[in-house]
Amino acid sequence: IWVASDRGLEHFREGSLVPFTTRGGLRPRAVFASRDSSVWISAFATQEITRIGPRGRDSVHEPPCWCYRMAQDSSGDIWAFSDTFVVRFHGLRPSKVPLEGGRLLAIDAIAIDPSGTVWLSDQAMGLVRVTGGRLDPVAPAREIGRFNALVSDRRGRIWVGSGGRVVLYDHGKLSLFGAAEGVRAG
């Protein structure tokens, strides 16, 4: 188990948390666990990523973004984003993903559903499906809010957590769950 804390990065071993040294000092960190047991770590405002995996430690120097939220597709590639663009890591090689069909303002979250479709939540475009290099908005930003979590379940439904409520996008149907439905903020 890996934990990003205010003390840096820690690895849970034999009943205790052991500090793990990475670049960036005592900064907020993002931690993403991939299916091959690798852990991707980025420290706020450093634009460096460390991948710790079965074969040891690797560094991605100067990726095109501070990748604090990531998702993994079925081929093993890692997807991340900056405010206005999406990045795909094939191994340790990052590349910007060319997208048409709209202008991203500030991406908040990313997820990949079981069919391999990439989903974004963006402050201007709302909930967006990425299909064939094209942005396809499916729910407006006013419906999903911002600073949210984005998760796909095994049935391909997209769940968005935002502002004390949960939004469900179920293959074309949008449902909102708030305090009246038992969702509690905080």
Side-chain angles (χ1 to χ4, degrees), residues 1-2 4 28-40 42 44 49 63-90 94-186:
I1 297 175
W2 293 88
R29 296 192 188 281
V31 178
F32 176 77
S34 62
R35 287 190 304 274
D36 71 351
S37 298
S38 294
V39 177
W40 293 66
S42 63
F44 177 70
I49 295 175
C65 64
W66 179 58
C67 304
Y68 66 99
R69 293 185 184 173
M70 301 178 195
Q72 186 173 26
D73 66 21
S74 60
S75 71
D77 286 354
I78 304 295
W79 292 68
F81 59 86
S82 183
D83 284 343
T84 59
F85 59 87
V86 176
V87 178
R88 184 176 188 174
F89 290 87
H90 183 73
S95 59
K96 288 184 182 179
V97 177
L99 297 171
E100 296 178 1
R103 187 172 159 262
L104 296 166
L105 172 69
I107 304 170
D108 288 322
I110 187 168
I112 300 175
D113 71 20
S115 72
T117 300
V118 175
W119 294 83
L120 306 169
S121 63
D122 179 70
Q123 292 176 26
M125 295 187 74
L127 182 61
V128 179
R129 173 178 40 218
V130 179
T131 315
R134 188 154 187 82
L135 298 168
D136 177 24
V138 298
R142 68 180 178 282
E143 296 286 336
I144 65 168
R146 62 179 296 218
F147 300 112
N148 49 48
L150 193 60
V151 178
S152 172
D153 65 20
R154 65 177 160 235
R155 292 177 20 199
R157 300 177 302 177
I158 304 300
W159 297 84
V160 183
S162 176
R165 64 189 180 142
V166 175
V167 179
L168 171 63
Y169 179 80
D170 187 358
H171 302 90
K173 182 181 175 205
L174 198 65
S175 302
L176 303 173
F177 303 93
E181 293 80 22
V183 175
R184 294 185 185 179

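Quick caveat, the model's predicted, so the values are computed rather than measured.
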Could you list the donor-acceptor pairs under 3.5 angstrom formed by side chains in residues 81-89, with sequence neighbours left out?
unit_1 : atom_1 : unit_2 : atom_2 : d
Arg88  : NE     : Asp77  : OD2    : 2.9
Arg88  : NH2    : Asp73  : OD2    : 2.9
Arg88  : NH2    : Asp77  : OD2    : 3.1

Ignoring hydrogens and angles, write down the donor-acceptor pairs under 3.5 Å from the side chains of residues 173-180, residues two or more places apart or on other chains.
none

Which pairs of donor and acceptor atoms, one on a side chain in residues 96-107, lie under 3.5 Å apart (sequence neighbours left out)?
none

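Contact detail for Met125 and Pro137: the closest heavy-atom pair is CE-CG, 3.6 Å. Residues Ala80 and Met70 share a closest heavy-atom pair of CB-CG, 4.1 Å. Heavy atoms only, all atoms of each residue included: Trp40 and Ser34 are closest at NE1-OG, 3.9 Å. Across all non-hydrogen atoms, the minimal contact from Ala109 to Ala149 is CB-C, 4.5 Å.
Summarising the geometry, atom CD1 belonging to Ile112 is positioned 8.0 Å from atom CD1 belonging to Ile78; distances are rounded to the nearest 0.5 Å. To the nearest 0.5 angstrom, Ser121 atom OG is 5.0 Å from Leu150 atom CG. For the atom pair Trp119 CH2 and Thr131 OG1, the distance stands at 7.5 Å (nearest 0.5 Å). Put simply, CZ on Arg69 and CD1 on Ile110 are 11.0 Å apart, with the number rounded to the nearest 0.5 Å. Here the CD atom belonging to Gln72 is positioned 9.0 Å from the OG atom belonging to Ser74, to the nearest 0.5 angstrom.
In this structure Pro114 satisfies the side chain to side chain contact (heavy atoms under 4.5 Å, CB included) test together with Ser152, sequence neighbours excluded. Residues passing the side chain to side chain contact (heavy atoms under 4.5 Å, CB included) test with Ser115 are Asp113, Thr117, sequence neighbours excluded. Annotation: salt bridge (Lys or Arg N to Asp or Glu O under 4.0 Å) contacts of Arg129 (sequence neighbours excluded): Asp136.
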**Message:** As a quick check of understanding, evaluate side-chain contact (heavy atoms from CB on, under 4.5 Å) for Glu143 and Val167, giving each step before the final call.
**Reply:** CA-CA 8 Å; Glu143 296 286 336; Val167 179; 5.7 Å; no
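With respect to Val128, the side chain to side chain contact (heavy atoms under 4.5 Å, CB included) criterion is satisfied by exactly one of Val138, Val118, Leu135: Leu135. Just one of Leu127, Val130, Asp108 meets the side chain to side chain contact (heavy atoms under 4.5 Å, CB included) condition when paired with Leu120; it is Val130.
Arg155 CZ: 12 or fewer foreign heavy atoms inside a 6.0 Å radius.
Counting only distance, with no hydrogens or angles, the side chain of Arg165 and the backbone of Val183 share no donor-acceptor pair below 3.5 Å.
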